[in-house]
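Note sheet for the following structure.
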Amino acid sequence: MTDSKYFTTTKKGEIFELKAELNSDKKEKKKEAVKKVIASMTVGKDVSALFPDVVNCMQTDNLELKKLVYLYLMNYAKSQPDMAIMAVNTFVKDCEDPNPLIRALAVRTMGCIRVDKITEYLCEPLRKCLKDEDPYVRKTAAVCVAKLHDINAQLVEDQGFLDTLKDLISDSNPMVVANAVAALSEIAESHPSSNLLDLNPQSINKLLTALNECTEWGQIFILDCLANYMPKDDREAQSICERVTPRLSHANSAVVLSAVKVLMKFMEMLSKDLDYYGTLLKKLAPPLVTLLSAEPELQYVALRNINLIVQKRPEILKHEMKVFFVKYNDPIYVKLEKLDIMIRLASQANIAQVLAELKEYATEVDVDFVRKAVRAIGRCAIKVEQSAERCVSTLLDLIQTKVNYVVQEAIVVIKDIFRKYPNKYESVIATLCENLDSLDEPEARAAMIWIVGEYAERIDNADELLESFLEGFHDESTQVQLQLLTAIVKLFLKKPTETQELVQQVLSLATQDSDNPDLRDRGYIYWRLLSTDPVAAKEVVLAEKPLISEETDLIEPTLLDELICYIGTLASVYHKPPSAFVEGSRGVVHKSLPPRTGSSESAESPDAAPSAGQAAEQPAVIPAQGDLLGDLLNLDLGPPVSGPPLAASSVQMGAVDLLGGGLDSLMGGSGFTAPGPAAPAAMGAPLGSGLGDLFDLTGGVGTLSGSYVAPKTVWLPAMKAKGLEISGTFSRQVGSICMDLVLTNKALQVMSDFAIQFNRNSFGLAPAAPLQVHAPLAPNQSVEISLPLNTVGSVMKMDPLNNLQVAVKNNIDVFYFSTLYPLHILFVEDGKMERQMFLATWKDIPNENEAQFQIKDCSLNADAVSSKLQGSNIFTIAKRNVEGQDMLYQSLKLTNGIWVLAELCIQPSNPSFTDLELSLKCRAPEVSQYVYQAYDAILKN
Amino acid sequence: MIHSLFLINASGDIFLEKHWKSVVSRSVCDYFFEAQERASEAENVPPVISTPHHYLLSVYRHKIFFVAVIQTEVPPLFVIEFLHRVVDTFQDYFGVCSEVMIKDNVVVVYEVLEEMLDNGFPLATESNILKELIKPPTILRTVVNTITGSTNVGDQLPTGQLSVVPWRRTGVKYTNNEAYFDVIEEIDAIIDKSGSTITAEIQGVIDACVKLTGMPDLTLSFMNPRLLDDVSFHPCVRFKRWESERILSFIPPDGNFRLLSYHVSAQNLVAIPVYVKHNINFRDSSSLGRFEITVGPKQTMGKTVEGVMVTSQMPKGVLNMSLTPSQGTHIFDPVTKLLTWDVGKINPQKLPSLKGSMNLQAGTSKPDENPTINLQFKIQQLAISGLKVNRLDMYGEKYKPFKGIKYMTKAGKFQVRT
């Protein structure tokens, strides 16, 4: 009696027969029929026609039958939404069942039915289940919120489920905590900007406690969540590390790797002199090694991650070379990864062992692997100078085997060795030449031709060798053709007497008979060089070549740092940041390693968060990226015409849009997700003594109108912009917005022809006049410019909202940078609301739109606050004193007409309590956070 | 999280699909089939495949591909670990994990999968909890169910789910209280031509079978705990106690479980219990080659080496082999070129050997690659690392349990290069 009987079919038509059985009176027969239906479903047969009959079986006390019907419902409800409604009543009833198993099952199943109509009925039962007395039900309900969010995100937000979910993080049951974290993480992924997992030391503490007690899967969620936290100083980082290290001994490899991620990230903050730092390094090696004894699939993922770890911190695994030795029956994907890591770990100490292994691999069967092994020998030679000789002799041994692909690979790598150690191993050339005929791959042929050309003077029959290649010139690949052309020219320059004919032949082949523009151009250049000035030709063609670098395939350091934050994820397997490949990566928040905080510094300032944020908040300079640049270069950045700026920007819309998408993901930095106080601190970050006088100057301008002006910060450092340094700030003076810029020429040549352009942004900021730099800017000279701005440019929502992307052009190049502008430059002068109006509006705006903030350490009294804010167009409408607290009611209006209402609570009676409470209400709640930042910046300066 | 699961057999048929979120069309597996075609062998199919909208993560076990479909950024190890757990669970439920078995028990499989994940989040993966939720099929139960009309779905909330010891159910009762521990060590080694060790490491596990009444609290101590510096524990082990006293203290799950696994790395000296003497000779431009191997014991601490099996993948140029073993049986498959020699026990007085000649393809030069010899063996009553359990104590319960410890050493990936 097995389930395979459910697969047998009858002649009459399966569906018909099942229908009859489903409607049978006998319970047993019904159950059997449902089982048959499920069996058909598992193999992909369409049994949706039976929907009403199966749903009829749902009202039963038999738990198994109920479960089976639920299984069916989940699969087919989507295709039969009207029918699915029939099931709702039973669900709602089951959610009240005394048995928690049934309550949980019902809420779980309901969430899986992806029908809009049903989700509405789900809300009430779900709300109850989230507060259920039984933790099993609560943890199931937590996951259900994520399901619901997937179906209807708006509904979840409107119903306040997100807040309930956040409350569950402090649940007493670790399993519930873990599921709440998992659900929130999943929701946060589709809302990268939302601050769903707002981590603070208290919640971190709760997570760490739950970490010890929840299931292995829960541990993974919690660890991944912890990795996003930014500890405020090195002591906190260390204490988190201490509590995470036991996870390294977990049997589940995913737990281990997630723990490794947390440690690798927080280690960045620890001082290297610390004893603990060394202990931690030692503790990381064994678990990584253990991962390699797991199943091959796990090994593969582990190896991809180890590859990153080894690049970041080679010291961790430097003694563990042997575990990466390849077993002959490892799957090929494991072999190739192991080989890669072997090379990275190769050093003088272990090179002998490595070479012996590589030589062994070079005789294996698998062609791909053998090729890579031979290449690896070459890389060893280049990396460890002392071993070069041994590597070359190993390669020669391999060439003697005469295995075709081994010989070809060997020749390719020997070429690289020649470039790294010129004039050292030329004695092997004779052996290489013996194998000339067997080379049939373009790369190997090109390498061999390069060698012949480079050492033409030592090869007696170089001309004959090259001539033999020349016969089939047109059948060769471009790579070989180019190499052959250069080699023959080299030969001619070295032995001009005998090879004149040859060089003419190749030049005419390249220039007259070839369709390839690269080849033709190179041919013409050589031809002209040779005919006009052979001495110059010699200098050009036979110039000394720069040595090739040790390791060519290292991941670029900034990318590596980012990838370290993604250890254990798909990004780490592909060695690409998630923005490069994850579907719908709308503004994926870029992660960065935390900056190292010196222990002395943090000891003095208990609140080190701003300093951490500040480093991350440095104005991001956008690197000139190939394709992005190409489109932008077409932008008309010449002296702007004095027409309406609106027209100008709309013309370039298409191109700028491109910029927008690209820049969006380039910007970022953890600062934006960091808790509030970091951002204003960065805006107001003092720039050190050198800029002190600048600060005074802008301060002076600021007092004229009273509006707060942040000190200038460097937006575009000179090293990123070929010597042009731009620093600046934003100000608002009597109704007009200005961008105050200081352009400094730190290059050695004069700069001129300046122009500026903004990308579309959230509030339509655009230059109101061209950038006026009257005289060319001489080296080491600065010029201060106040660029008037208006807000009639094109609008595009940015993330963060106050992000502004700027392109500046001069006679040298076009540079891009982006900066954050303080929101208060957009507060207009007529932002005072009438009292009655204020009250009505305050009531009118729904409570969900209210945002609460704290302004820390501000010891001003109500009047001082009021007048300070008024200077920046935040108007106090009423003041009340409630129980010793001063309540200020304020309003402001943005340039685009958005009103923001504020309630500011000050406690003058309690001198030790200097935090102000700020509640903001606005119809567009996304601006609240930035308004708060503006408040914070104004009040603290 | 995990979106869907497809089970695919060796001939490329999808024989089961399960979706935890919306239904993903099975056409997504086409990308997998492409990769499968490209790979020379099933083992070489890459475990992570990206497609335009999804990622396919797969494991290959028991000649079945378990392919998980994910859509968002999910830790791949999480998915792969989970898939292995699925296979383990099937094996636990049905004894073997095969296509036939899964098809025979498709409803239970479906129920189990539904319990294991909810919306892609793992729900219950501990096998003893699952077994409380969905009872594994037995012949007896099928008969009983048919007669009484009862079901194999439990209607009690598994008690372990939420307690502080989620791995153990309450109210366990046995008449015979017993606790058995198996210390099993596998040696992974690569030995080079001349017989010296290139790498050798030991992967050890302690598997337990604990059938004790109530809530016993066990402590297990070792004679030489210093050997264990790289360990992975079952969640039941109290890590603090291990850190401070090097004692394993735990409330065990009920039934079979893996208490810990450990790794004795290449840095420590690993004893190699057997050696292989070989003389494999392909002569140039001759159609005959000589083949001779002898297996003997090395560092066995006086124990017998048994279950010895030698396999070797011969080069393509070998057409046939005519060999005579001094003991055991041997087979050479001329199609796959795989030589298998089932040796059995090693008698130190009379070492087993396999001698003879190879017929080589005429006219071709000698093969480039040398065959690697793969060795399997078992040694009872010995843990090659020298690990020894000191004592096992039980607290929290009054009765006296039967206790037993067994040691065994096995070859893992033990390879001799020639």
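First the proteins, then the strands, lettered A, B, ... as listed; each starts at 1. Atom set for the values below is all heavy atoms of this structure, side chains included, hydrogens, waters and symmetry mates excluded.
No salt bridge links A/Lys576 with B/Glu73; every basic N to acidic carboxylate O contact stays at or beyond 4.0 Å. With salt bridges taken as basic N to acidic carboxylate O contacts below 4.0 Å, none links B/Arg61 and A/Glu297. For B/Glu111 and A/Lys35, the salt-bridge test fails: no basic side-chain N is under 4.0 Å from an acidic carboxylate O.
For B/Val48, the parts lying under 4.5 angstrom from a heavy atom of chain A are both the backbone and the side chain. Residue contact with chain A, scored on non-hydrogen atoms closer than 4.5 Å, involves the backbone of B/Phe15 exclusively. Residue contact with chain A, scored on non-hydrogen atoms closer than 4.5 Å, involves the backbone of B/Ser58 exclusively. Both the backbone and the side chain of B/Tyr60 come within less than 4.5 Å of a heavy atom in chain A. For a residue to count as touching a neighbouring chain, one of its non-hydrogen atoms must lie under 4.5 Å from one of that chain's; by this rule B/Val45 touches chain A with the backbone only. Residue B/Glu114 touches chain A through both its backbone and its side chain, counting heavy-atom pairs closer than 4.5 Å. Neither the backbone nor the side chain of A/Val34 comes within less than 4.5 Å of any heavy atom of chain B. If you measure heavy-atom distances from B/Lys413 to chain A, the contacts under 4.5 Å come from both the backbone and the side chain. For B/Arg417, the part sitting under 4.5 Å from any heavy atom of chain A is the side chain, from C-beta outward, and nothing else. For B/Ile190, the part lying near chain A is the side chain, with the backbone staying farther off; criterion is any non-hydrogen pair under 4.5 Å.
Residue with the most contacts toward chain A among B/His19, B/Arg258, B/Glu115: B/Glu115 (heavy-atom pairs, distance under 4.5 Å). Chain A forms more heavy-atom pairs under 4.5 Å with one residue of B/Val74, B/Ile198, B/Ile14 than with any other, namely B/Ile198. Comparing A/Glu186, A/Lys283, A/Lys335 by how many heavy-atom pairs each has under 4.5 Å with chain B, the most go to A/Glu186. Highest contact tally toward chain A, considering only B/Trp242, B/Trp20, B/Phe82, is held by B/Phe82 [criterion: heavy-atom pairs under 4.5 Å].
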Step by step, would you call A/Val323 with B/Thr199 a side-chain contact (heavy atoms from CB on, under 4.5 Å)? CA-CA 8 Å; A/Val323 298; B/Thr199 71; over 6 Å; no
Please evaluate residues B/His263 and A/Val289 with respect to the criterion side-chain contact (heavy atoms from CB on, under 4.5 Å), reporting the C-alpha separation (whole Å), side-chain torsions for both, the decisive distance (0.1 Å), and the verdict. CA-CA 9 Å; B/His263 178 251; A/Val289 170; 3.2 Å; yes
Take A/Tyr300 and B/Ile80 through the test side-chain contact (heavy atoms from CB on, under 4.5 Å) and record every step on the way to the result. CA-CA 11 Å; A/Tyr300 171 72; B/Ile80 294 172; over 6 Å; no
Full working for side-chain contact (heavy atoms from CB on, under 4.5 Å) between B/Met1 and A/Phe221: CA-CA 11 Å; B/Met1 293 293 122; A/Phe221 297 133; 3.7 Å; yes
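Inter-residue side-chain proximity for B/Lys21 and A/Cys112 is flagged as unmet; no heavy-atom pair is nearer than 4.5 Å. The side-chain heavy atoms of A/Thr215 and B/Pro122, taken from C-beta on, include no pair separated by under 4.5 Å. Put simply, the side chain of B/His84 reaches to within 4.5 Å of the side chain of A/Leu298, judged on heavy atoms. You'll find the side chain of A/Lys327 stays beyond 4.5 Å of the side chain of B/Thr372, heavy atoms only.
Expressed to the nearest 0.5 Å, how far CG of A/Asn252 lies from NE2 of B/His234 amounts to 11.5 Å. Distance check: A/Arg108 CZ to B/Leu123 CG gives 5.0 Å after rounding to the nearest 0.5 Å. Atoms OH and NZ, from B/Tyr110 and A/Lys67 in turn, are 14.5 Å apart once rounded to the nearest 0.5 Å. From B/Leu57, atom CG reaches atom CG of A/Leu570 across 6.5 Å, with rounding to the nearest 0.5 Å. Remark: A/Asn212 CG to B/Phe239 CZ distance equals 10.5 Å, nearest 0.5 Å.
Listed for the B/Asn44 side chain is no donor-acceptor partner under 3.5 Å among the backbone atoms of A/Pro331.
No hydrogens or angles considered: a donor-acceptor pair under 3.5 Å links the side chains of B/Gln415 and A/Asn329.
Between B/Phe78 and A/Trp217, the ring planes are perpendicular. Angles over 60° get that label, and only those under 30° would be called parallel.
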